[in-house]
Amino acid sequence: MRIRKRLQMELKDVKNITFPKPSYEEWKEAAEASLKGKSVEKLKTNTYEGIALCPLYTEKAESTEKVAELPGFFPFTRGTSPTGYHDKPWLVVQPVSGITAEEANEKMRAAFKRGQNVVAYPARLLSEGARAETLFKEIPLKEMPVFIDLKGKQKELFPQFKAVAEAQNTQLTGVIAEDPIAEWLICGQLPEDTDNYFAEWLKTIQDYQKVGSDLKTVLINTAVYHNGGANAVQEIAYGLSAAVQYLLEGQKQGLSIAAVSEKIVFSFAVDSNYFMSIAKLRAARRLWAGLAEAFDTASDHFKMTIHAVTSELTETLYDQHVNILRTTNQAFAAAIGGIQYLQIHPFTHATGKTDEFSERIARNTHLILKEETNITTVVDPAGGSWYVEQLTDELAEKAWAKFLEIDAAGGILELIKQGTLQKEIAEVFQGRVQNAAFRKESIIGTNVYPNPADKIKTTTKDKQVSYMKVSKPFGITPLELERVSSQFEQIRLRSEKFKGISGTAPTIGLINLKNLKSYKPRADFVQSLAAAGGIETIGSKGCQTVEEAIDYVAATKLPIYCLCGSDGDYSELAPVIIKEIKKQFPEITIYSAGKQQEELEITLREAGVKDFIHVKTNAISILLELLQKLGVN
């Protein structure tokens, strides 16, 4: 026994001697050596939230002094249940639609056999006159919760839900809610008398307690801000501000803070920024719990209920199967972040069309995450990650500062009336679009690695709609909801339409210089960039002489050509080739692939090069320019 113990101690000592724990400074020195003298500060990346992401995260000194946060305990950063998903996994919220109420009901009952465990219908079905009795026929509401965002129809549809509850002699559970502020932003109208509106709305909220005392009836739809382009700080801050507005309006009507707060459910969008999405959910829970003290209310009344939905902002029309990867990544982040309801958009969602296959894939993603990842057996899987913990802290700090800024400005309604909120979100969205245009952010299948064979002729998806009817409306700037990829898609759809009319796709030629190894990298780059706009390319074989280049141009007779080769080949051949082409074919426009040294660039421009296409080129601008020159109007 002593020998074994001594041997174990010796092995431990050997381990410590052989693998000593390195300090941050030692890591930094080693990293900078591999960076050939550049500072590790160069490895930091800035997010849309104004947070600088570090290349390495270690345990911070102050973190050891913080009071340990536990799952299920205030401030609920690590979740509202001490057992995580072990006792109650998230609920599968996949809205089921149909041409008729009967069809939708049949599809819903079929979905229950395949993993669905929430009754979820789009508000459209109820707003088009479909009777709720038909939609809920043979659905056991005693066992099945409901999740429906009524989008402005809450008061109008109450009698139908009341009739359903009475017919089944049961109390409804789940979420039957709406977010008036989000609906006003979508439709671009505010009621002139908001006090009177909220008084009537809160009466409706109380009416719903007659059909379900545990129903969540107040929705904080922060996904609307996200799908307009908002960053995580804005999404949290605007959501908290809207929730506080509803709490205060409830107080005016004599309701307690607890009575309103317990009826609130937050709906957050999760996007492809995996760790930011996790941190967003954690930070939001912490800040919402912190508001309990501000309202002098027990923190248990401020346990945040979260519905997470995959981002519409990041969806694409082209290469739709990549949306499966996106939504799986997003759903995984939501599950790790801690949620009660999860909605995954089918991969065809951006087109406005779904089918049985795309809906099944979305629903099965829930089942794979639950059954094959083991995250339901671990309480707070992200807990203890220095990166996630620090990101949560920074995000919470910035979101709280933003929330206080909104409060000081008079609240969220004042910001909306002034158009400030809409402007702030639009600025972030434009930043996203710019990064996509310069390919600082890759949208697989759209701005990078596009599949030229992928064709989409028409789309049926409408702008997000609201069924809110505002009496005596006060006009406001509506919040524009658009996908980041849409500009690329509109350009490509334009090219497809041109091909359908003319019979040929818009095409440019590539004048490739010397051997394959020399021209291929730049030729591939230009080919991929052109394909992102639906423009086809015809490349020459490696041109060794001016005569071969001229013969290629004479044979293809295209309006635009792009020169592709190495810098050395450009210096040797390009000026002569360009001058001769411009001499024989003066109407042709010539571009050059790659950024050049100033002296060579001047030489090539003087020879006849219109512009240079390289990694820092704005893809949207150059594609529009090419299409215009190709006559695609």
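Quantities reported herein were computed from a predicted structural model and do not represent experimental measurements.
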Going by heavy atoms in the side chains, are L626 and Y591 under 4.5 Å from each other? yes
Beyond-backbone contact of N435 with Y48, side-chain heavy atoms, under 4.5 angstrom: yes
N/O donor-acceptor pair under 3.5 Å between T316 side chain and Y318 backbone: yes
Taking the side chain as every heavy atom from C-beta outward, state whether L563 and L513 have any atom pair closer than 4.5 Å. yes
Would you mind reporting whether L317 and R483 have side-chain heavy atoms less than 4.5 Å apart? yes
So, do E489 and I456 sit near enough that their side-chain heavy atoms are less than 4.5 Å apart? no
In terms of heavy-atom contacts, W27 and L56 come closest through CD2-CD2, 3.4 Å
On a heavy-atom basis, the closest approach of A619 and R439 is CB-NH1, 3.1 Å
Show your working on side chain to side chain contact (heavy atoms under 4.5 Å, CB included) between V484 and T314 and close with a plain yes or no. CA-CA 6 Å; V484 176; T314 59; 6.0 Å; no
Is the shortest side-chain heavy-atom distance between T589 and P559 below 4.5 Å? no
Look at K151 together with D179 and state whether they make a salt bridge at an N to O cut-off of under 4.0 Å. no
Contacts satisfying salt bridge (Lys or Arg N to Asp or Glu O under 4.0 Å) that involve residues 570-585 (not counting sequence neighbours) are K514-E572
Let's go through R326 and N323 carefully: what are the C-alpha distance in whole Å and the side-chain angles of both, what is the deciding distance for side chain to side chain donor-acceptor pair (under 3.5 Å) to 0.1 Å, and is it a yes or a no? CA-CA 5 Å; R326 293 187 183 103; N323 288 327; 2.7 Å; yes
Going from CD on E103 to OG on S97, what distance comes out if it is rounded to the nearest 0.5 angstrom? 8.0 Å
Between CD1 of I578 and OH of Y570, what distance do you get to the nearest 0.5 Å? 8.5 Å
Apply side chain to side chain contact (heavy atoms under 4.5 Å, CB included) to the pair D271 and L313, showing each step before the final yes or no. CA-CA 8 Å; D271 64 16; L313 189 72; 5.6 Å; no
Hey, is the main chain of S272 close enough, under 3.5 Å, to the side chain of S277 for a donor-acceptor pair? no
Over all heavy atoms of both residues, which pair between T348 and S358 is shortest? Give the atoms and the distance, please. OG1-OG, 3.3 Å
Given 3.5 Å as the limit, does a donor-acceptor pair link the side chain of E32 with the main chain of V40, or not? yes
Heavy atoms of A269 and T222 approach each other most closely as N-OG1, 4.5 Å
Would you find a donor on one side and an acceptor on the other, under 3.5 Å apart, between the side chain of S528 and the backbone of D524? no
Main-chain N/O of H614 paired to R522 side chain as donor or acceptor, under 3.5 Å: no
Begin with the C-alpha distance, continue with both residues' side-chain angles, and end with the deciding distance and a verdict on salt bridge (Lys or Arg N to Asp or Glu O under 4.0 Å) for K629 and E625. CA-CA 6 Å; K629 291 182 180 299; E625 183 178 310; 5.1 Å; no
Inspect the surroundings of CD in Q418 and state if more than 12 heavy atoms from other residues, nucleotides or ligands are less than 6.0 Å away. yes
What residues form a side-chain hydrogen bond (donor to acceptor under 3.5 Å, both in side chains) with T603, not counting sequence neighbours? none
Would you say the side-chain atoms of Y274 pair up with the backbone N or O of F332, donor to acceptor, closer than 3.5 Å? no
The test is side chain to side chain contact (heavy atoms under 4.5 Å, CB included); show your working for E315 and H345 and say whether it passes. CA-CA 9 Å; E315 292 175 344; H345 288 310; 3.4 Å; yes
Ring centre gap for H226 and F268 strictly below 6.0 Å: no
Take a 6.0 Å sphere around CD of Q584 and say whether it holds more than 12 heavy atoms from other residues, nucleotides or ligands. yes
Donor-acceptor contact below 3.5 Å, side chain Y238 vs main chain I406: no
Carboxylate-amine/guanidinium proximity below 4.0 Å for K107 and E356: no
Tell me if the centroids of the rings in Y552 and Y561 come within less than 6.0 Å of each other. yes
For the salt bridge (Lys or Arg N to Asp or Glu O under 4.0 Å) test, which of K398, K402, K280 pairs with E235? K280
Once rounded to the nearest 0.5 Å, what's the spacing between atom CD1 of I278 and atom OH of Y387? 9.0 Å
Looking at side-chain heavy atoms only, is the closest gap between I491 and L624 below 4.5 Å? yes
Which heavy atom of K517 sits nearest to which heavy atom of P521, and what is that distance? O-CD, 3.6 Å
Would you find more than 12 non-hydrogen atoms of other residues, nucleotides or ligands less than 6.0 Å from I99 atom CD1? no
Under the side-chain hydrogen bond (donor to acceptor under 3.5 Å, both in side chains) rule, collect the residues that match up with E397, sequence neighbours excluded. none
Does any non-hydrogen side-chain atom of F275 lie less than 4.5 Å from one of L53? no
Could you check whether atom OH of Y57 has more than 12 heavy atoms from other residues, nucleotides or ligands sitting under 6.0 Å from it? yes
List the atom of L510, the atom of A523, and the distance in Å for their closest heavy-atom pair. CD1-O, 3.9 Å
Short question: side chain of Q234, backbone of N231 - any donor-acceptor pair under 3.5 Å? yes
Residue pair L35, K42: steps toward the side chain to side chain contact (heavy atoms under 4.5 Å, CB included) verdict: CA-CA 9 Å; L35 292 171; K42 295 282 186 182; 5.8 Å; no
Between the main-chain N or O of V632 and the side-chain N or O of R494, is there a donor-acceptor pair closer than 3.5 Å? yes
Taking 4.0 angstrom as the limit, do E41 and K44 come out as a salt bridge? yes
Would the distance check show the side chain of N227 and the main-chain N or O of E312 forming a donor-acceptor pair, the cut-off being under 3.5 Å? yes
